[in-house]
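Step one of this worksheet: look at the structure below.
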Amino acid sequence: MAEVKEFTLPDLGEGLTEAEVVRWLVEVGEVVAVDQPVVEVETAKAMVEVPCPYGGVVTARYGAEGEELAVGAPLLTVAVGADASAPAAAEGSGSGGADGVVAEADGADAAGDGGAGETSGAVLVGYGTGAPPARRRRVRPTPAPAAAAGQVNGVASGYGRHAVTPEVPVRAEAAEPAPGPVPVISPLVRRLARQNGVELRTLTGSGPDGLILRADVERAIGAAGAPAAAAEPSAAAASAPAADAGEVRIPLRGLRGVVADKMSRSRREIPEATCWVDVDATELLAARRAMNEAGGPDAPKISLLALLARICTAALARYPELNARVDTEAREIVRLERVHVGFAAQTDRGLVVPVVRDAHARSAESLSEELGRLTGAARDGSLTPGELTGSTFTLNNYGVFGVDGSTPIINHPEAAMLGVGRIVPKPWVYEGELAVRQVTQLSLTFDHRVCDGGVAGGFLRYVADCVEQPAVLLRGV
């Protein structure tokens, strides 16, 4: 007998609570293998292909492309076992014709009948089948009088042993839904319940082994009554502001929503201050040109951003107060030994901050290579959540937008961010004479809780000195 297993959207890590369905990779009725990617979703961090831990026939998909699903919401159901066509037949009838079939809601179970020994090696966060569990025994319904022990108001306490088929399913409005598998096999029944706001866990099914049928859900919808439905429009009208005919509303969700939340939290928690300085970058540009010429025509080119990142890691070694975060609950400043440099990258999906791990241990050439790789991944949307989190200091090159200065918001929970404006020829006093030099503006926004202006000014001045005279870096080599 085939068994239908429900695969829910797994926890994708890093505090993400929802994801948007970008593209389905399988169709209903298609056979899938264990660990085969079944859907491509977009989180606020990255695009992720989600593998299914079960092998069998896809009986239903949940969520249209472009729809946002919460972590734990059903993604699809898979019929596993000797006869994978039985669930599809049950779906078509809508009556739960497969006797005693129970849908599994636990995404950590192994494939059942016919799939024992097949386990998932693809574990994101919080799901994966691991080793196959012991085979479960099927419980058949047992007749019992209405006053049998374990019943409450004529309804058995578990769907596997219910003794009375009530006329109207019981809905526990005030009680929490019971944990465990939901006794429903048909995706049509699930969709009907979801569309009408019926919590399946609060129903007692009238089918075999307590299976919830379409008729049960329809009775529950009718029991909810027309008064609630009639009250909905007025409540919605009262809560929604009057819409101007010319306004466009854009939901703050996905990447844009996470950016909004993070920036709001940064401004709410961090008392930030900004200092800035104009610097002559002529010598830094000359040094970069010399490095690339020395490497030959086939050698990878060193980017200007890589040189700036290398200067920042040297400055953080001198001023470790800025490579830190504040633990507000413990009221402690946490200084970090390793430097992970984030850099702002504008993409079609919005602003993202890829992270170069252990930047303090990398050379300018290594930094340039990693920055290039992460930038390419950011543009094509293939960055993983791990490549977008964990930065301890951020470098923001807003000069690419053709602007000179900015007061950026700190990337919470970091303590500082260095901004770099455009490099343009300007009149500059050089060696006592007026000359045209390549000038840029550097701005440092810092958390005033971790240090005072003296430390921030010292950091920024050291960075400026290295930009104006790159040979200053040689002292630390």
Side-chain angles (χ1 to χ4, degrees), residues 7-25 38-50 60-76 124-126 187 190-199 228-229 231-270 342 344-354 377-389 394 396 398 401 408-413:
F7 175 43
T8 60
L9 179 65
D11 179 359
L12 300 173
E14 307 298 342
L16 301 175
T17 58
E18 64 274 322
E20 181 180 324
V21 176
V22 175
R23 182 167 60 98
W24 282 103
L25 306 177
V38 292
V39 65
E40 187 178 66
V41 300
E42 181 178 23
T43 70
K45 301 290 186 182
M47 301 272 279
V48 179
E49 285 189 351
V50 181
R61 302 185 317 193
Y62 299 96
E65 293 182 357
E67 183 179 346
E68 196 168 60
L69 300 178
V71 169
L75 266 181
L76 49 76
L124 290 178
V125 178
R190 289 186 180 276
R191 184 171 61 183
L192 180 65
R194 186 169 65 252
Q195 289 174 344
N196 291 276
V198 175
E199 174 53 62
E232 271 184 27
S234 59
S239 61
D244 189 340
E247 69 185 22
V248 177
R249 292 178 175 264
I250 302 173
L252 273 176
R253 65 182 188 184
L255 178 62
R256 189 73 259 163
V258 168
V259 169
D261 293 340
K262 198 165 187 177
M263 295 303 175
S264 298
R265 182 178 182 184
S266 179
R267 274 292 166 92
R268 189 168 58 246
E269 293 185 7
I270 300 177
Q346 192 69 37
T347 71
D348 293 339
R349 297 175 59 238
L351 181 70
V352 296
V353 184
R379 287 172 179 165
D380 62 27
S382 62
L383 286 169
T384 65
E387 292 172 328
L388 287 162
T389 54
T394 294
N396 187 358
Y398 43 75
F401 302 119
I409 298 175
I410 293 175
N411 187 20
H412 185 278

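When all heavy atoms are compared, the tightest approach of L9 to A70 is CD2-O, 3.6 Å. Contact record, H412 with S266: CB-CB, 4.0 Å, taken as the closest heavy-atom pair. When all heavy atoms of N396 and P408 are compared, the closest pair comes out as ND2-CB, 4.1 Å. Here the closest non-hydrogen pair linking L383 and P354 is CD1-CG, 3.8 Å. Of all heavy-atom pairs between A378 and T347, the closest is O-CG2, 3.5 Å. Residue V353 comes nearest to N411 through the heavy atom pair CG1-ND2, 4.0 Å, listed as atom of the first residue, atom of the second, then distance.
Two residues are said to be in side-chain contact when any heavy atoms from C-beta on lie closer than 4.5 Å; W24 and L75 meet this criterion.
Partners of E269 under the salt bridge (charged side-chain N to carboxylate O under 4.0 Å, His left out) rule, at least two apart in sequence or in another chain, are R265. For E40, the salt bridge (charged side-chain N to carboxylate O under 4.0 Å, His left out) test picks out R23, with sequence neighbours left out. Residues passing the side-chain contact (heavy atoms from CB on, under 4.5 Å) test with R379 are T375, sequence neighbours excluded.
Remark: the backbone N or O of S382 is paired with a side-chain donor or acceptor of D380 at under 3.5 angstrom.
With values rounded to the nearest 0.5 angstrom, T8 atom OG1 is found 10.5 Å from L69 atom CG.
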